[in-house]
Amino acid sequence: MLPSRALVRRPSPRIAESEVTHIERQPLDVARAFAQHNDYVELLASMGLDIIELPEAPNHPDGLFVEDALVMIDKFAVVTRPGAPSRRGEVDGLVEFVEALGLRSGNIEAPARVDGGDVLVTARHVFVGQTSRSNANAVKQFDRFARPLRRQALAVRVDGCLHLKSAITALPDGSLISVRGWVDREFFEKHGYTVHAAPEDSGGDVLCIGDTVVLPANAPETAAMLQTLGFAVRTIDVGELQKIEAGVTCMSVLI
């Protein structure tokens with residue numbers, strides 16, 4: 001089913017204070033980061049998605065990463081319990097917000113902790129990355145939500161990056177694209193998936209809207225590979241946002 005809506009949240013003025021885990025912190029050009037986020041939202045709108053803005057969260061530097069707070073499995077919304085304690089307030093009010101959109105919802109509860117960036121939903125599975133942000137109990141709780149939706153939740157080891165979806169994401173035909181060395185490609189192949197290797201580290205995190213694949217502008221070899229595979233491709237400059245470990249998936253929730 002094609003998405004028709006995109007949930008987004010405008011960046012906080014404190015965006016430069018965002019959590020940084022797997023890269024060295026660099027000075028952030030806040031104005032440029034805001035502009036790139038705006039370009040991202042405009043790209044989603046240009047692709048036919050209705051943009052729905054979550055309430056602003058000025059006291060949450062990472063608040064623009066809405067996917068970490070909310071995961072969609074079909075039309076069921078899972079409100080997470082973010083791994084960084086400083087981010088727990090980002091989920092406040094989300095249950096009421098998504099239910100006002102006509103969606104059913106559930107909550108991840110302690111002792112689980114999980115960022116939505118660690119959750120890859122496919123037609124048959126809900127893969128949950130085991131990282132500094134997400135733990136094994138989150139897999140059990142996601143499985144409870146996934147089973148009625150004809151999916152199984154599975155834990156995935158992640159090395160060298162912040163989130164599972166920094167390392168691997170799904171393509172429109174159900175195959176996957178991954179960064180070498182960050183996840184075990186054979187694990188996914190054993191579960192019936194074709195896995196393509198991204199030439200660049202920034203090429204493992206792609207956002208699919210219908211048959212079109214959106215990916216960062218600094219992954220040109222990955223873009224060329226995807227075009228060779230027959231996919232329509234759109235690229236966008238998110239270089240400033242990548243300084244705070246942003247990807248193209250984490251800044252929206254597609255419904």
Side-chain angles (χ1 to χ4, degrees), residues 1-19 28 30-31 33-109 113-121 133-134 138 142 145 162-163 165-166 169 205 207-209 214 236 238 240-242 244-255:
M1 183 180 297
L2 294 177
S4 60
R5 297 176 286 183
L7 302 184
V8 301
R9 176 180 270 152
R10 297 291 171 179
S12 163
R14 295 174 56 191
I15 187 174
E17 301 171 38
S18 294
E19 300 273 354
L28 188 74
V30 172
F34 269 64
Q36 288 184 350
H37 185 270
N38 187 66
D39 290 345
Y40 173 85
V41 173
E42 289 185 354
L43 174 62
L44 299 185
S46 76
M47 298 178 72
L49 294 171
D50 292 329
I51 304 300
I52 300 174
E53 293 199 18
L54 292 170
E56 293 188 18
N59 292 321
H60 289 283
D62 291 283
L64 75 160
F65 302 130
V66 292
E67 182 191 51
D68 285 335
L70 185 68
V71 173
M72 294 300 304
I73 308 174
D74 296 336
K75 291 187 176 181
F76 187 85
V78 180
V79 178
T80 71
R81 184 172 180 266
S86 64
R87 300 192 62 186
R88 301 264 162 87
E90 293 174 29
V91 305
D92 292 348
L94 281 186
V95 169
E96 294 79 5
F97 191 92
V98 297
E99 290 183 351
L101 296 176
L103 303 171
R104 294 184 301 119
S105 68
N107 287 75
I108 299 295
E109 300 175 348
R113 50 181 171 76
V114 61
D115 288 0
D118 273 323
V119 183
L120 173 60
V121 179
R133 301 290 181 88
S134 303
F142 262 104
F145 297 131
L162 175 61
H163 287 137
K165 289 175 73 174
S166 306
T169 46
D205 183 347
L207 178 68
C208 297
I209 302 174
V214 178
I236 183 168
V238 289
E240 200 65 27
L241 293 164
Q242 286 172 328
I244 51 172
E245 296 182 293
V248 293
T249 57
C250 62
M251 296 184 288
S252 62
V253 174
L254 304 185
I255 301 172

| Atom pair CD (E56) and OG (S12), whose distance is rounded to the nearest 0.5 Å | 9.0 Å
| task | Would you give the length of the straight line joining atom CG of L70 to atom CZ of F97, rounded to the nearest 0.5 angstrom? | result | 9.5 Å
| Looking only at atom types and distance, does a side-chain atom of D115 sit under 3.5 Å from a main-chain N or O of G83, one as donor and one as acceptor? | yes
| field | Any donor-acceptor pair under 3.5 Å from E240 side chain to V30 backbone | value | no
| field | Among L28, L241, I244, side chain to side chain contact (heavy atoms under 4.5 Å, CB included) partner for S18 | value | I244
Check: residues 246-255 side-chain donor-acceptor pairs under 3.5 Å, at least two apart:
unit_1	atom_1	unit_2	atom_2	d
T249	OG1	D205	OD1	2.9
T249	OG1	D205	OD2	3.2
S252	OG	Y40	OH	2.7

| Just how far is it from atom CZ of R88 to atom CZ of R113, taken to the nearest 0.5 Å? | 8.0 Å
| field | Separation between CD1 of I209 and OG of S4, rounded to the nearest 0.5 Å | value | 11.5 Å
| note | Those residues at least two apart in sequence (or on a different chain) that pass ring pair (Phe, Tyr, Trp, His ring centres under 6.0 Å) with F34 are none
| field | Salt bridge flag under 4.0 Å for residues E53 and R10 | value | yes
| message | Does anything in residues 93-107 form a side-chain hydrogen bond (donor to acceptor under 3.5 Å, both in side chains)? List the pairs, not counting sequence neighbours. | response | E99-S105
| query | With the threshold set at 4.0 Å, does a side-chain nitrogen-carboxylate oxygen contact exist between D118 and K165? | reply | no
| task | For side-chain contact (heavy atoms from CB on, under 4.5 Å), just list the numbers for V91 and R81, CA-CA rounded to whole Å, side-chain angles, deciding distance to a tenth of an Å, and then say yes or no. | result | CA-CA 8 Å; V91 305; R81 184 172 180 266; over 6 Å; no
| task | Could you please spell out the steps behind the side-chain contact (heavy atoms from CB on, under 4.5 Å) verdict for R87 and F65? | result | CA-CA 10 Å; R87 300 192 62 186; F65 302 130; 3.6 Å; yes
| Point-to-point distance, once rounded to the nearest 0.5 Å, from CG of L54 to CD of E90 | 10.5 Å
| Donor-acceptor pair, side chain of R133 and main chain of P82, under 3.5 angstrom | no
